[in-house]
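Here the structure is a predicted model, which is why all the values come from computation and not from measurement.
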Number of protein chains: 2
Amino acid sequence: MSDRARHIPEATVARLPVYLRSLAELVDDKIATVSSERLAEMAGVNAAKVRKDLSYLGSYGTRGVGYDVEYLLFQMSRELGLTHDWPVAIVGAGNLGSALANYGGFTQRGFPVVAMFDADRAKVGRRVHGVLVHHTDDIVELAAELGIGIGVIATPASAAQDVADKLVAAGVGSVLNFAPTVITVPEGVSLRKVDLALELQILSFYQEHREPAG
Amino acid sequence: MSDRARHIPEATVARLPVYLRSLAELVDDKIATVSSERLAEMAGVNAAKVRKDLSYLGSYGTRGVGYDVEYLLFQMSRELGLTHDWPVAIVGAGNLGSALANYGGFTQRGFPVVAMFDADRAKVGRRVHGVLVHHTDDIVELAAELGIGIGVIATPASAAQDVADKLVAAGVGSVLNFAPTVITVPEGVSLRKVDLALELQILSFYQEHREPAG
DNA sequence: GTGACCATGTGAACGGGCGCACTAGCGTCT
DNA sequence: AGACGCTAGTGCGCCCGTTCACATGGTCAC
Ligand SMILES: NC(=O)c1ccc[n+]([C@@H]2O[C@H](COP(=O)([O-])OP(=O)(O)OC[C@H]3O[C@@H](n4cnc5c(N)ncnc54)[C@H](O)[C@@H]3O)[C@@H](O)[C@H]2O)c1
Ligand SMILES: NC(=O)c1ccc[n+]([C@@H]2O[C@H](COP(=O)([O-])OP(=O)(O)OC[C@H]3O[C@@H](n4cnc5c(N)ncnc54)[C@H](O)[C@@H]3O)[C@@H](O)[C@H]2O)c1
């Protein structure tokens, strides 16, 4: 199976979850088949792009008919590795880290938050939404033990690189960084970032340069 | 000024805030000039890319020397429209919306949260980090009055499109969507999204397809 | 003043992704 | 049975962005 998926373009990978969500909606609405056009509309992209993206997964459509919603949903889930849970650890039990832990949407989507870590001893031992806060010194040991697949960094920027290093040392293969700073990880470790200030500044740019005529 | 900036590639725009932050760090460290190479290292990109990106803003470097940190910082701030504040409104005073409002980093970076909105009358009238929660019915009227530039959507997915429509009707030119759903806005309105579940699923994909050899 | 040095700015080649437009193939209706 | 209609799958040209490599032009030492 990882033979066909020898290389799926990054841009396509980033769209798969959007299709997945659209498919889930269709299942909820008890719609059995869907055309690339309809799916494109739901995902906010071009229909040809949808077809090309889906063709990377295999030929799961039927010409003249469309795609079987449930079957495609299953194949895509499998491709995305969503047929099993990915335990998540959140580092930084502050404002943001707690909000994330309190959010049920992650567990529901197969990303259970199984541990939190913080450098502040006053926070160690507390529970956030039932999740125990451990000390950062224990990341390496505990992350391996708990089988952490994804580490979420919600510490101040100054600590982010250090935390990332610890997560990598613990064998965590994927890191999601919320701290507003550039961090680096070794090859073979996946890194993505969510940077709200950056998003706002991008919006600011376009708003500033918008044609006053409209 | 909007003559030279007739067209800055989107990819470049997305990197400018990263450079900006790097420059701010250099100012803190009292470093007066910086080379494209050093800046590239800090921003985690290629040096040639830095030079090309910066060249879109103008010829602010000095050959043989590098870039004057403070001058470049000023020019970039101006280009990004950060020389003045952009009032922000958050719609959805729940878990996430409150966390965002409680976060001081936005005001500090020139994006003061001046209003919150919620459909739940039990929440209307409350204050979150000093910000008053209004009813969503008042978005159109109040957003215009308060001069809202950017609207942040932190409601459930089912309400997101409706909220976006209200924001647009209120003349808000930029929307940042946290709800896990695709929303559309008219041409001329900027839209960006932050989707945590999507990020986790992308990480899941790469982790699933990682070569077991390492 | 002159020459060696150094980093910017940019032309050009390259690569990836996008979308058009065509072909392939399934289902259905006559 | 055959023709028609519909939609998946895809080859191809185009465009945007990245990167290399070099010429340009400024600084500094002497
Ligand atoms: N809160 C938001 O809405 C928001 C929005 C955008 C970005 N962010 C970013 O997210 C990060 C966290 O924000 P926050 O509001 O939760 O901050 P916070 O100060 O509330 O929480 C930070 C937590 O990290 C812990 N910490 C500090 N150093 C640590 C270390 N070395 N190892 C482990 N834990 C450590 C602190 O003890 C604290 O509990 C920051 O980088 C911030 O810029 C937050
Ligand atoms: N909390 C998180 O960490 C987190 C993480 C990722 C994504 N999200 C997404 O962010 C959104 C908000 O999450 P949350 O945890 O804050 O949910 P929440 O239920 O705590 O808050 C949602 C708020 O929106 C309000 N609301 C509902 N309908 C509305 C409408 N039509 N107009 C205005 N307000 C309305 C509700 O009254 C509530 O206050 C959701 O779409 C969620 O999927 C949240």
Could you check which residues of residues 43-53 of chain B get a heavy atom under 4.0 Å from DNA chain C? Sort them by number, please.
-> B/Arg51, B/Lys52

Would you kindly say whether A/Ser22 and A/Arg38 are connected by a side-chain donor-acceptor distance under 3.5 Å?
-> no

Any B/Ser36 side-chain N or O less than 4.0 Å from OP1/OP2 of C/dT8 = yes

For DNA chain C, whose closest nucleotide is more 5', that of A/Pro9 or that of B/Ser35?
-> B/Ser35

Within a strict 4.5 Å, meaning less than it, do heavy atoms of the A/Ile153 and A/Leu167 side chains meet?
-> yes

For A/Gly64, answer base if it contacts any base atom (sugar-phosphate contacts may also be present), sugar-phosphate if it contacts only those atoms, and nothing otherwise; contact means non-hydrogen atoms under 4.0 Å.
-> base

Got a second to check how far A/Lys193's NZ is from A/Ile183's CD1, nearest 0.5 Å?
-> 10.5 Å

Per the under-4.0 Å heavy-atom filter, residues of residues 21-30 of chain B near DNA chain C come out as none

Does B/Arg63 make a side-chain donor-acceptor contact with the base of C/dT8, cut-off 3.5 Å?
-> yes

Taking atom C1' of D/dA8 as reference, at what distance in whole Å does atom CG of A/Leu54 sit?
-> 10 Å

So what does B/Arg38 hit on the nucleic acid, given a heavy-atom distance under 4.0 Å: a base, only sugar-phosphate, or nothing?
-> nothing

List in chain and number order the residues that pass salt bridge (Lys or Arg N to Asp or Glu O under 4.0 Å) with A/Arg192, two or more places apart in sequence or in another chain; answer none if no residue qualifies.
-> B/Glu199

State, with a plain yes or no, whether a side-chain heavy atom of A/Tyr67 is found less than 4.5 Å away from one of A/Leu23.
-> no

Take the protein atom OH of B/Tyr71 and the nucleotide atom C1' of C/dT8, then report the distance between them rounded to whole Å.
-> 15 Å

So do B/Ser36 and B/Leu54 actually touch side chain to side chain, heavy atoms under 4.5 Å?
-> no

Would you indicate whether the side-chain heavy atoms of A/Thr155 and A/Asp162 approach each other to under 4.5 Å?
-> no

Can you tell if the side chain of A/Trp86 reaches within under 4.5 Å of the side chain of B/Gln201, non-hydrogen atoms only?
-> no

Heavy atoms under 4.0 Å, any strand shown: does A/Glu37 hit a base, just sugar-phosphate, or nothing?
-> nothing

